There are 2 protein chains.
Amino acid sequence: MIRVLLAEDQTMVRGALASLLNLEPDIEVVAQVSRGDEVAAAAAASVPDVALLDIEMPGRTGLDAADELARALPGCRILILTTFGRPGYLRRAMEGGAAGFLLKDAPASELASAIRRAVAGERVVDPGLAAAALSQGESPLTPREHEVLRASRQHATVADLAQALYLSPGTVRNHLSSAMQKLDARNRGEAVRMAEEQGWL
Amino acid sequence: MIRVLLAEDQTMVRGALASLLNLEPDIEVVAQVSRGDEVAAAAAASVPDVALLDIEMPGRTGLDAADELARALPGCRILILTTFGRPGYLRRAMEGGAAGFLLKDAPASELASAIRRAVAGERVVDPGLAAAALSQGESPLTPREHEVLRASRQHATVADLAQALYLSPGTVRNHLSSAMQKLDARNRGEAVRMAEEQGWL
DNA sequence: GGTCGCCCGTGACGTTTGTCACCCTGCATT
DNA sequence: AATGCAGGGTGACAAACGTCACGGGCGACC
């Protein structure tokens, strides 16, 4: 019996996926959570063989939850399940030790087989998505530029940003400026959008 | 036997919902579509008792599809199923003749009972959502402010924005400024974020 | 007819932003 | 030892942004 942990924020979708999986004779959903920051505790309590994580969840991203889970329960296979085919997500997920990456656009029948293949030690990735990821390449941003751009989503002004990051305002503007040049954006906002679209944030 | 049409763009979610519904002894999913503009044709072919429509679909919005369906098959009950608790959606859906409005955040078990109640002639609205719609109130933005703020997500500079909306740059800045004041934001970006959080965009 | 809100526009003003040149420190590469 | 790059910082500058006061037009409402 394959023990599965299911993390997905939309209750109805989560319930539907659970009932779908429970129809399989060799699969059992042993834990369900709706928030990313509940994954680790639930996994510790239920010790699943496979964790099926949505990316977009309150509390913590599925990707972050995957990192945490990989450290806490190294034996647990991780499958990322998400809506968007953002190549950056795929890269991060696979680098973070995920065993597979599934799209909600894939047929429902693939879910069970992906779980079985993950348990068997295979890596499961949607072929079209993998191709897109390879064609796209790495983020051109340095770690600091990435951090500043990321933080700029939540802090309105440069002054705020500088205070939050313990940097001088001038430095923040320099980082932002070079990030914008690399992304060919005319704006902080545009830079954020472009980086998000590329899956670099 | 209650005949159900299921319209939802994410294949896996649609499949999971279908299997969930087919577990019910008195419910049968007789048609599944992934696009809003396929709803009418599929309904004409299968003559369902209830149509379960997601709002966000390619081709046509679930709300638009509901309007079309209500004219084509007046006997068919319509349930709107969606992620967001946007009060505006609820309002439009109910005014458009929908029999109910369900959230994907609701428990999966409510789905079947909502379908049965819809067939029985009841109006089904998630209580939490109805409360939210009442408590949240209307957006304070005028139509123009809303439009400008919305467009500002895709156009970086005021000049771009003005050109796209066929307005003078000064007018655009005035609209943005008053929107920012109403939202208590210090920024275009902050205003966009706050409006999005409130479901006003 | 008057008032109000929304819409569109102009001009001015101070602030913030984005860019650039230039400084310095580390660290890894050559 | 020299070079390059990421990081941190300063100072200056033009451009863009946000605010305000003010003008006009239009429709709704009393």
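Chain naming here is simple, since letters A, B, ... match the order of the sequence lines and numbering starts at 1 in each. Just the heavy atoms: all of them, side chains too, but no hydrogens, waters or symmetry mates, feed the values below. Here the structure is a predicted model, which is why all the values come from computation and not from measurement.
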Between P of D:dA15 and CD of A:Glu190, the distance in whole Å: 19 Å
B:Glu190 side chain to B:Arg186 backbone, donor-acceptor under 3.5 Å: yes
Rounded distance in Å - CD (A:Glu145) to P (D:dG8): 11 Å
Charged N-O contact under 4.0 Å between B:Glu147 and B:Arg150: no
Check: A:Leu149 main-chain N/O paired with A:Ser152 side-chain donor or acceptor under 3.5 Å: yes
Closest to the A:Arg188 side chain, choosing from C:dG18, D:dC17, C:dC6: C:dG18
side-chain contact (heavy atoms from CB on, under 4.5 Å), paired with A:Ser178, selected from A:Glu145, A:Arg144, A:Arg173: A:Glu145
From CH2 (B:Trp200) to CG (B:Leu183), nearest 0.5 Å: 6.5 Å
Phosphate OP1/OP2 of C:dT17: any A:Thr157 side-chain N/O under 4.0 Å: no
Distance (rounded to the nearest 0.5 Å) between B:Leu21 CG and B:Gln32 CD: 9.5 Å
Candidates D:dC17, C:dC6, D:dG7 - which lies nearest the side chain of A:Pro143: D:dG7
Short N-O contact, B:Arg14 and B:Asp54, less than 4.0 angstrom: no
Degree of bending in the helix from C:dG1-D:dC30 to C:dT30-D:dA1 once both end axes are built from five pairs, to 10°: 30°
Any residue of residues 164-187 of chain A with a heavy atom less than 4.0 Å from an atom of DNA chain D: A:Leu167, A:Ser168, A:Gly170, A:Thr171, A:Arg173, A:Asn174, A:His175
Between P of C:dC6 and CG of B:Leu149, the distance in whole Å: 16 Å
Partner of A:Arg71 under side-chain contact (heavy atoms from CB on, under 4.5 Å), chosen from A:Leu69, A:Leu73, A:Asp67: A:Asp67
